Amino acid sequence: MSQTTNHILMIRPVDFKFNEQTAGNNKFQVASTETNVQSLALNEFDGFVDLLRKNDVDVTVVDDILQPETPDSIFPNNWVSFHDDGSVFLYPMFSENRRLERRNEILEGLKDKFKVNHISDISFYEQQHAFLEGTGSMVLDRVNKIAYACLSVRTDEEVLNNFCMLTGYHPIAFQAIDVSRFPIYHTNVMMCIGDNFAVICMESIPNPDEKGKVALSLINSGKEIIEISLDQMNRFAGNMLQVENNKGEHLLVMSEQAYLSLNAEQIAKLEKYSIIIYAPIYTIEKNGGGSARCMLAEIHLPLK
């Protein structure tokens, strides 16, 4: 059991753009006035993949398809997660056009290299208008089997509890809000769990009891808490992912915007645990309302 993996799935966009269906509850999204959003996003995506591969991370890139129309397919971690017992989970998605991102041929392609023992499809909750958008809605402590989740329209507590029942995880649910007191749509924009650390915007948790519960859980599971501010969260400093490369080194992956928002003390704390790498993905962040972590679906499946 490991918190990190060297194997990452990424979806190369063919029609990336601002998604009207997700903008109502994703306050990180801003519609661009540029006409070449897809080409800019594609350059950012390819540069990000190159950065990961140059740092010896194994990246499986799958090309998106033009039909059906899936403007947010660049964020696969919301519809699928992969686990070290060979299980795969498929999740209920809030937006109708995001549900079309679930492509069976992607899973079939991974079977050439990885063992898939069981696929658990909990997307049926969509019929009940209840959602849990994968490792966007949940930040998983895979070693201690804890699922942290800030509740929102996209993160339903009943579905969270069902996932935890199926996997043996312990749920820690709480409310988190932005500076305008609007619910934060995904947990992975306000916190990140590494092997021995946690980056978190404690400011965003308004209830003192819930804040204490989250902090105590992190401390008891051996994590150094590295706090970020609401302003840093808005620059995607919470949207990081720790991975490992084929040399066994830990890398902390983030966007350039996130990195530039950090202060020297925060960087020094993070560098105790990982080599920091970052990529400029401003077009993707602005129009998609997600950042580096959202683009990375970790493949924890056993190798064949």
Side-chain angles (χ1 to χ4, degrees), residues 9-11 19-26 62 64-65 67-111 114-142 145-176 183-189 288-290 293-302:
L9 169 68
M10 298 180 71
I11 308 296
N19 187 353
E20 297 282 356
Q21 290 190 20
T22 58
N25 50 48
N26 180 351
V62 175
D64 193 18
I65 49 180
Q67 292 296 328
E69 188 177 343
T70 52
D72 277 332
S73 61
I74 202 168
F75 304 131
N77 81 307
N78 297 143
W79 66 264
V80 65
S81 67
F82 306 99
H83 302 265
D84 59 4
D85 62 355
S87 64
V88 177
F89 276 80
L90 304 179
Y91 294 96
M93 306 283 284
F94 169 81
S95 303
E96 289 185 16
N97 62 12
R98 294 216 62 191
R99 298 169 193 175
L100 304 171
E101 296 172 27
R102 294 189 297 258
R103 289 167 50 197
N104 190 57
E105 66 267 30
I106 294 176
L107 304 182
E108 289 300 315
L110 291 174
K111 289 179 181 178
F114 301 98
K115 293 178 185 174
V116 175
N117 296 327
H118 181 66
I119 296 177
S120 293
D121 187 349
I122 59 172
S123 65
F124 63 86
Y125 275 106
E126 288 165 356
Q127 298 160 29
Q128 303 170 30
H129 303 287
F131 312 106
L132 185 73
E133 296 189 335
T135 53
S137 287
M138 301 178 292
V139 173
L140 300 179
D141 179 341
R142 291 178 182 262
K145 302 208 84 168
I146 302 168
Y148 295 90
C150 67
L151 302 178
S152 71
V153 170
R154 305 224 206 152
T155 305
D156 182 272
E157 192 162 17
E158 180 188 339
V159 194
L160 169 69
N161 289 337
N162 189 25
F163 168 85
C164 289
M165 181 186 70
L166 292 169
T167 56
Y169 273 74
H170 171 66
I172 294 190
F174 54 94
Q175 304 290 333
I184 292 170
Y185 80 110
H186 274 165
T187 314
N188 76 359
V189 296
R293 193 274 169 270
C294 303
M295 296 169 67
L296 309 172
E298 315 112 284
I299 306 173
H300 282 264
L301 299 169

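A quick note: this is a predicted structure, and the numbers were derived from the prediction, not measured.
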Would you check if the side chain of [X] reaches a backbone N or O of [Y] as a donor-acceptor pair within less than 3.5 Å?
X    : Y    : value
S120 : F89  : no
Y185 : G289 : yes
N78  : M93  : no
R99  : F94  : yes
S137 : H186 : no
S95  : N97  : no
R293 : L296 : yes
N188 : T135 : yes
E157 : L151 : no

Verdict with reasoning, Y169 to L140, per side chain to side chain contact (heavy atoms under 4.5 Å, CB included): CA-CA 9 Å; Y169 273 74; L140 300 179; 3.9 Å; yes
pair L107-V80: side-chain heavy atoms closer than 4.5 Å: yes
Greater than 12 external heavy atoms within 6.0 Å of K145's NZ: yes
Residues which pass side-chain contact (heavy atoms from CB on, under 4.5 Å) with P76, listed by chain and number, not counting sequence neighbours: I11, W79, A297
Distance (rounded to the nearest 0.5 Å) between Y125 OH and Y91 OH: 12.5 Å
Chi angles and distances behind the side chain to side chain contact (heavy atoms under 4.5 Å, CB included) call for F131, E126: CA-CA 6 Å; F131 312 106; E126 288 165 356; 4.2 Å; yes
